[in-house]
Amino acid sequence: MGSLIQMRANAMKKFLLVDDHSVVRSGIRLFIRDKYFNAEIDEASEGDKAFESVKKKDYDLLIMDLHMPKTDTVGLITNILKIKPSTKILVFSMGAEEVFARRYLSLGVMGFLNKDCSDDKILIAIETVLNNRRYLSEKLMDRLTGDSVADKPVNPFDALSTREIEIAMLLINGRSVGEITGTLSIQNSTVGTHKARIFEKLQVNNVIDLHELARLYQII
């Protein structure tokens with residue numbers, strides 16, 4: 001009887017995988033199939049397709065990359081939770097956890113995974129979020145707890161908005177203003193304005209200085 005109940009529960013699970021790399025989606029699909037073998041799994045390679053899927057169907061879990069071409073991830077998450085507030089979102093990214101996780105958790109996502117994590121951690125994160133609990137890695141939990149109690153120098157990157165940290169990380173990773181415009185689906189002038197504010201807040205003069213500051217504060 002217990003096995004039958006579990007099979008029925010598995011059959012009801014609906015997942016949406018949002019990532020511009022098909023190999024990543026295929027890998028996550030295999031992890032999900034191994035645990036929820038009767039699950040319904042949809043895929044989207046960019047934000048507009050993901051949003052259309054969410055409008056048409058209620059998903060038990062969205063697993064979403066942070067950085068995809070032609071996708072404003074902040075806007076996408078905000079819009080999804082606006083029309084489907086109960087949607088569970090697990091963010092999957094190569095970005096530094098301590099930089100991105102707190103910001104996206106504040107938007108309403110339920111968990112944050114680094115793409116370097118083990119297969120076991122992926123499955124644990126999926127189960128945790130499906131059970132209506134937030135998932136944070138041990139490293140991230142230690143960092144967030146430490147930040148709340150330790151008397152330590154202020155990290156200047158904490159002064160950046162979510163959009164500014166997105167653009168800062170893209171600049172650090174060698175993306176040009178034009179490439180960032182395409183990735184985030186915003187205007188060149190908007191990227192330029194954010195870039196100027198980033199430099200002003202961090203008190204750097206160029207991308208080289210930005211990169212060095214990120215190393216100093218272990219952002220990269």
Side-chain angles (χ1 to χ4, degrees), residues 1-95 97 100-101 103-138 140 162 166 183-185:
M1 179 64 72
S3 297
L4 179 58
I5 293 174
Q6 182 63 45
M7 287 178 64
R8 287 174 177 169
N10 287 344
M12 292 188 289
K13 300 301 181 187
K14 296 182 177 66
F15 297 83
L16 177 62
L17 312 181
V18 189
D19 195 294
D20 58 311
H21 295 99
S22 60
V23 65
V24 173
R25 299 196 305 271
S26 297
I28 300 174
R29 176 184 284 272
L30 289 175
F31 296 145
I32 294 173
R33 285 285 184 217
D34 186 56
K35 181 68 177 180
Y36 305 95
F37 54 90
N38 287 322
E40 182 177 337
I41 305 174
D42 294 336
E43 299 182 16
S45 59
E46 47 90 12
D48 287 344
K49 293 179 181 178
F51 191 63
E52 288 302 314
S53 294
V54 171
K55 287 195 293 184
K56 295 174 183 176
K57 188 182 297 185
D58 293 330
Y59 291 98
D60 293 286
L61 180 63
L62 269 65
I63 302 178
M64 181 186 303
D65 187 17
L66 280 188
H67 301 299
M68 295 175 286
K70 301 179 182 179
T71 299
D72 172 4
T73 312
V74 173
L76 175 60
I77 291 172
T78 301
N79 289 332
I80 286 173
L81 294 178
K82 185 179 295 183
I83 65 169
K84 300 280 183 72
S86 61
T87 302
K88 299 180 182 68
I89 301 175
L90 179 62
V91 170
F92 205 43
S93 176
M94 285 299 293
E97 287 180 298
F100 288 103
R103 300 168 189 276
Y104 280 87
L105 289 169
S106 69
L107 289 178
V109 305
M110 291 286 288
F112 190 98
L113 268 177
N114 192 289
K115 285 187 176 180
D116 289 335
C117 70
S118 66
D119 295 355
D120 288 344
K121 293 294 184 184
I122 296 173
L123 290 175
I124 290 171
I126 290 172
E127 290 182 3
T128 299
V129 174
L130 283 174
N131 285 313
N132 292 311
R133 291 182 286 117
R134 281 189 168 183
Y135 174 83
L136 301 175
S137 69
E138 293 179 5
L140 182 58
T162 301
E166 277 189 304
T183 297
L184 300 181
S185 298

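From a predicted model like this one, the values you see are computed outputs, not experimental measurements. In this chain, residues are counted from 1 in sequence order.
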I need the minimum non-hydrogen distance between [X] and [Y], along with the two atoms involved.
| X | Y | value |
| --- | --- | --- |
| Glu166 | Thr73 | OE2-CB, 4.0 Å |
| Ile77 | Tyr104 | CD1-CD2, 3.5 Å |
| Leu90 | Gly111 | CD1-C, 3.5 Å |
| Tyr36 | Phe15 | CD1-CZ, 3.9 Å |

Glu52/Lys49 salt bridge by N-O under 4.0 Å criterion: no

Taking 4.0 angstrom as the limit, do Lys84 and Asp58 come out as a salt bridge? yes

My understanding is that only residues two or more places apart in sequence, or in another chain, count here; which of them pass side-chain hydrogen bond (donor to acceptor under 3.5 Å, both in side chains) with Glu46? none

Just do the side-chain contact (heavy atoms from CB on, under 4.5 Å) check on Leu17 and Ile32 with the steps written out, would you? CA-CA 10 Å; Leu17 312 181; Ile32 294 173; 3.8 Å; yes

OH on Tyr135 to CG on Leu113, rounded to 0.5 Å: 5.5 Å

Give a yes or no on this: more than 12 heavy atoms of other residues, nucleotides or ligands lie within 6.0 Å of atom NZ of Lys121.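 Incorrect, the count does not exceed 12.
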
Could you check whether atom NZ of Lys57 has more than 12 heavy atoms from other residues, nucleotides or ligands sitting under 6.0 Å from it? yes

Given 3.5 Å as the limit, does a donor-acceptor pair link the side chain of Arg25 with the main chain of Glu43, or not? no

Between the main-chain N or O of Arg133 and the side-chain N or O of Asn131, is there a donor-acceptor pair closer than 3.5 Å? no

Applying the side-chain contact (heavy atoms from CB on, under 4.5 Å) test to Phe92, which of Asn114, Ile28, Val18 qualifies?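 It is Ile28; the other options fail the test.
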
Give the C-alpha distance, both sets of side-chain angles, the deciding distance and a yes or no for side-chain contact (heavy atoms from CB on, under 4.5 Å) between Asp65 and Asp20. CA-CA 8 Å; Asp65 187 17; Asp20 58 311; 3.7 Å; yes

